[in-house]
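Report on the structure given below.
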Amino acid sequence: MPGEQLVGHRDLPIFAAAQGGDGHVIVTFDAVEYVKRPSVLEGVKGAYGIYLTGSSMIPAYEPGDMALVHPHLPPTRDKDVVLYHVPPANDAEAIIKRLVSFNDREWTLRQYNPFLEFTESRVEWSFCHRVVGKYSAR
């Protein structure tokens with residue numbers, strides 16, 4: 001039945017992202033709305049969603065899709081992640097990409113449109129949050 005995987009009250013904060021340069025976004029950590037929490041984020045402290053902008057991750061994410069984020073799962077290869085320079089608060093620059101691989105020094109990331117694999121420093125982008133699902137644009 002539709003909605004079976006949604007639980008509880010509308011308590012999952014959803015934040016807006018504005019397009020930045022070089023495929024980066026600026027996430028404003030002032031909730032634009034609250035939605036029912038999906039079961040994959042039930043009981044997860046600090047879980048959130050982000051409305052996505054830009055086209056670098058099409059077809060995985062279309063502009064207006066909502067990424068569902070678990071901030072405490074460890075980085076995992078072949079999963080989508082949100083990377084931040086600083087702890088996410090107020091307005092923070094972020095990268096939302098597929099994590100191809102990582103080591104002690106760098107993340108190897110993939111975007112789809114245009115297809116590109118590149119590396120970023122783990123020192124510069126030290127906060128990694130895992131995307132665990134999405135809601136398609138309404």
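The structure displayed is predicted, hence computed values, not measured ones.
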With rounding to the nearest 0.5 angstrom, report the CD1 to CG distance, I96 to L52. 4.5 Å
When the ring centroid of F127 is compared with that of H85, is the distance short of 6.0 Å? no
Run the side chain to side chain contact (heavy atoms under 4.5 Å, CB included) test on V131 and V82 for me, step by step, so that the C-alpha distance in whole Å, both residues' side-chain angles and the decisive distance to 0.1 Å come before the verdict. CA-CA 7 Å; V131 176; V82 184; 3.9 Å; yes
May I ask you to say whether R37 pairs ionically with E42, meaning some side-chain N is under 4.0 Å from a carboxylate O? no
Cluster link V40 to V44, ILVMFWY, side chain under 4.5 Å: yes
Answer yes or no: is there a donor N or O on one side and an acceptor on the other, between the side chain of K97 and the main chain of L83, under 3.5 Å? no
Quick one: pull up OG1 in T108 and CG in L99 and give me the separation to the nearest 0.5 Å. 8.0 Å
Using side-chain heavy atoms (C-beta onward) and a distance below 4.5 Å, is Y112 in contact with S56? no
May I ask you to decide if W125's main-chain N or O and W107's side chain share a donor-acceptor pair within less than 3.5 Å? yes
Return yes if some donor-acceptor pair links the side-chain N/O of S121 with the main-chain N/O of V123 below 3.5 Å, else return no. yes
Any chain of hydrophobic side-chain contacts (each under 4.5 Å) joining V100 to V81? no
Path from Y135 to V32 over hydrophobic side-chain contacts below 4.5 Å: yes
Ignoring hydrogens and geometry, is there a side-chain-to-backbone donor-acceptor pair from R98 to D78 under 3.5 Å? yes
For M57 and R110, the nearest pair of non-hydrogen atoms, with its separation, is SD-O, 3.8 Å
Checking A31 now: which residues fulfil side chain to side chain contact (heavy atoms under 4.5 Å, CB included) with it, not counting sequence neighbours? P13, F15, Y34
Sidechain-backbone polar pair: T76 side chain, P74 backbone, donor-acceptor under 3.5 Å: yes
State, with a plain yes or no, whether a side-chain heavy atom of E93 is found less than 4.5 Å away from one of I26. yes
So, for A137 and P63, which heavy atoms are closest and what is the spacing to 0.1 Å? CB-O, 4.0 Å
Candidate pair I50 and M66, rule side chain to side chain contact (heavy atoms under 4.5 Å, CB included), full reasoning: CA-CA 5 Å; I50 302 176; M66 181 191 303; over 6 Å; no
Stepwise side chain to side chain contact (heavy atoms under 4.5 Å, CB included) test for L73 and V132: CA-CA 9 Å; L73 290 176; V132 295; 3.7 Å; yes
Just wondering, do V25 and T53 contact through their side chains at under 4.5 Å, heavy atoms? yes
So, Y51 and D65: side-chain donor and acceptor under 3.5 Å apart, yes or no? no
Other residues, nucleotides, ligands: >12 heavy atoms within 6.0 Å of N103 CG: yes
Decide yes or no for L68 and L12: does some side-chain heavy atom of the first lie under 4.5 Å from some side-chain heavy atom of the second? yes
Check A47 against P71 and note the closest heavy-atom contact, atom names and distance. CA-CD, 3.8 Å
By the definition ring pair (Phe, Tyr, Trp, His ring centres under 6.0 Å), identify the one residue from H70, H72, H129 that meets it with Y48. H129
Determine yes or no for a side-chain-to-main-chain donor-acceptor pair under 3.5 angstrom, with N113 supplying the side chain and S55 the backbone. yes
State whether F102 and R77 meet the cation-pi test: NZ (Lys) or CZ (Arg) under 6.0 Å from the six-membered ring centroid, and within 45° of the perpendicular axis. yes
